[in-house]
Amino acid sequence: MRRSLGLAVAMCAVASGVLAFDTKWHSDATRIAMEQNGFSADARLLCQFENYLTDYFSGTDMEGLYERLPGEMPKGGRTGLRDMDMTDFARLHFDALTTEAQVEHQWRTLEANTAAALKKWAADPSVKPGYRPVVLMTVLGASLHAVQDFYSHSNWLRRVSNPAPIWFDVAEADRVRLAVKTGWYPDGNKAGVLYHREENKDSTGRPMNALAVDAATRASVDWVRRMIEAAPDVPWATLKAWRAQPANLNGTWLRNADATFITTTSTMAGHWDGATPVKNVFAPETARNKFMAGEALGLSLGVYSRNITIAHNNATPTPHWVGFTMYHIEKDLAKGLYLQDQTKD
């Protein structure tokens, strides 16, 4: 029990170095996209959770986690959580694209990877039947994260008219002339480079945040529709009607422990909606809001510590983590995407 609790605490350690729309805006855009494409409340919440885990794992040191838990390296080498490569997650934020050609490549590759991953995991016999909806929603949620970040991290809104069209609304021949690029991270001072600190619209206090959220939300609605059309063999009707079962176990984990994990960890990291949120989640006053977030996180930790397992290195606090922790869809989505002028083959 001590090791299980230690792993749960380590997994819930909050990293503040995530590079994305703050959690509120990712969550809102994803909710609207799922609702407008006819998905159930549980399916929507599951997709929001996977969207958030894309950020969470971007800032999590998995090797350091295992160093804090000595003796847990399983026989047979790297598997499960230990097989995570954080650069896979880093490629899902549309950062550090210095030319329009790189941006074009990123969009084409992300679209192809997402459709391919949906088709793969809809048919792969290795996926446990109860896990298949989670894996498919992880593909959708993580890809939506990248789509949404484009509108926050690029100069797109400064290059197009207002209200801004989404990427797919502008013909490629016209896009070439826009000189679109995205903010480089980490920040620096090299002449001619667009840096993340200059361009990001991640939170309420940032310039053009509302315009970016609006464009990202419309793009998210469009992206889900595109993926439904691109992968017709996916059981979309089943996914749209999905409910976490059994309701008194998986349903409770999703709606309570996992949903609380989103709001509490992002609040404690100052990543819910920047320094001046539209609205705090737990209390109007900032200090009390963070204190109450810590208290609520303790409830999630209690659930996670009872369910997490380090057997075979497949640690999963609830079944809704398995798309990343067991099936590693981040590797499917990241293949060929740019990361600071380098692509992953």
Side-chain angles (χ1 to χ4, degrees), residues 18-39 43-44 47-48 50-52 54-55 91-97 100 102-115 117-118 137-172 174-176 178-183 196 199-204 206-231 236 240 273 333-334 337-338:
V18 287
L19 317 171
F21 261 131
D22 278 358
T23 302
K24 171 180 170 49
W25 303 119
H26 275 300
S27 185
D28 284 355
T30 301
R31 172 182 56 78
I32 292 170
M34 299 300 282
E35 288 176 348
Q36 292 197 14
N37 280 284
F39 286 83
R44 176 263 300 166
C47 197
Q48 289 173 298
E50 311 307 343
N51 187 300
Y52 177 69
T54 308
D55 248 359
R91 295 173 194 274
L92 298 175
H93 298 289
F94 257 100
D95 285 318
L97 304 175
E100 194 276 337
Q102 288 185 357
V103 176
E104 290 281 351
H105 169 91
Q106 205 83 339
W107 273 111
R108 285 195 305 270
T109 305
L110 179 66
E111 185 176 19
N113 287 356
T114 305
L118 287 168
M137 284 297 183
T138 305
V139 174
L140 202 57
S143 65
L144 276 170
H145 191 100
V147 168
Q148 292 155 4
D149 271 356
F150 169 76
Y151 296 92
S152 180
H153 295 173
S154 73
N155 61 352
W156 178 258
L157 295 180
R158 303 182 194 279
R159 301 293 183 180
V160 296
S161 59
N162 185 24
I166 66 172
W167 176 261
F168 293 103
D169 285 344
V170 179
E172 183 174 352
D174 295 325
R175 294 196 301 254
V176 169
L178 296 176
V180 180
K181 55 185 176 180
T182 69
H196 183 80
E199 194 58 74
N200 86 81
K201 310 160 193 70
D202 290 343
S203 61
T204 299
R206 295 291 301 167
M208 304 181 76
N209 168 260
L211 294 175
V213 170
D214 174 69
T217 300
R218 289 184 282 111
S220 297
V221 175
D222 175 80
W223 184 259
V224 175
R225 178 186 60 77
R226 285 178 182 276
M227 291 304 108
I228 291 172
E229 294 176 354
W236 291 110
K240 287 184 178 185
D273 184 24
L333 292 179
L337 293 181
Y338 272 101

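- Checking Asp202 against Trp25 by side-chain atom types alone, no donor-acceptor pair falls below 3.5 Å.
- Taking the side chain as every heavy atom from C-beta outward, Leu144 and Glu50 never approach each other to under 4.5 Å.
- A donor-acceptor pair under 3.5 Å links the side-chain atoms of Lys240 to the main chain of Asn37, judged by distance alone.
- For Arg218 and Asp222, the salt-bridge test fails: no basic side-chain N is under 4.0 Å from an acidic carboxylate O.
- Under a 3.5 Å cut-off, the side chain of Lys201 and the backbone N or O of Asn209 do not form any donor-acceptor pair.
- A heavy-atom distance below 4.5 Å is found between the side chains of His145 and His93.
- In plain terms, the two heavy atoms of His196 and Asp95 that are nearest each other are ND1-OD1, 3.8 Å.
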Would you check, one step at a time, whether the test side-chain contact (heavy atoms from CB on, under 4.5 Å) holds for His153 with Asn200? CA-CA 5 Å; His153 295 173; Asn200 86 81; 4.1 Å; yes

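- The heavy-atom pair separating Leu157 from Met208 by the smallest distance is CB-CE, 3.5 Å.
- For the pair Leu337 and Arg91, the tightest heavy-atom approach, listed with the atom from each and the gap, is O-NH1, 2.7 Å.
- Ring planes of His105 and Tyr338: perpendicular class, angle over 60° (limits at 30 and 60°).
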Test side-chain contact (heavy atoms from CB on, under 4.5 Å) on Met137 and Leu140 and set out the steps. CA-CA 5 Å; Met137 284 297 183; Leu140 202 57; 4.2 Å; yes

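- With contacts defined as side-chain heavy-atom distances shorter than 4.5 Å, the pair Leu118/Trp236 qualifies.
- Smallest separation of non-hydrogen atoms from Gln102 and Leu97: OE1-CA, 3.3 Å.
- When atom types are taken as modelled, the side chain of Asn113 and the backbone of Ser143 share no donor-acceptor pair closer than 3.5 angstrom.
- Residues Phe150 and Gln106 form no side-chain contact, since every pair of their non-hydrogen atoms from C-beta on lies 4.5 Å or further apart.
- Residues Gln148 and Thr30 bring a donor and an acceptor atom of their side chains to less than 3.5 Å of each other.
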Ser154/Val103 under side-chain contact (heavy atoms from CB on, under 4.5 Å): CA gap, chis, key distance, verdict: CA-CA 9 Å; Ser154 73; Val103 176; over 6 Å; no

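- Remark: Phe21 CZ to His26 NE2 distance equals 7.0 Å, nearest 0.5 Å.
- A salt bridge links Glu199 to Arg158: one of the charged nitrogens lies within less than 4.0 Å of a carboxylate oxygen.
- You'll find the side chain of Val147 reaches within 4.5 Å of the side chain of Trp107, heavy atoms only.
- One N or O on the side chain of Thr182 and one on the backbone of Phe94 form a donor-acceptor pair closer than 3.5 Å.
- Here the OG-NZ distance, from Ser203 to Lys24, works out to 12.0 Å after rounding to the nearest 0.5 Å.
- Rounding to the nearest 0.5 Å gives a distance of 5.0 Å between CD1 of Ile32 and OG1 of Thr217.
- Proximity of Val213 to Asp28: side-chain heavy atoms (C-beta onward) are nowhere separated by under 4.5 Å.
- Side chain of Trp156 to main chain of Ile166: no donor-acceptor pair is present (N/O by atom type, distance under 3.5 Å, no hydrogens or angles).
- Trp167 pairs in a side-chain contact (heavy atoms from CB on, under 4.5 Å) with only one of the listed residues (Arg175, Glu111, Glu172), which is Arg175.
- From Glu100, atom CD reaches atom CG of Asn155 across 10.5 Å, with rounding to the nearest 0.5 Å.
- The two residues Ala231 and Ala115 make their nearest non-hydrogen contact at CB-O, 4.3 Å.
- Annotation for Ala215 and Tyr151: closest pair CB-CD2, 3.7 Å, computed over non-hydrogen atoms.
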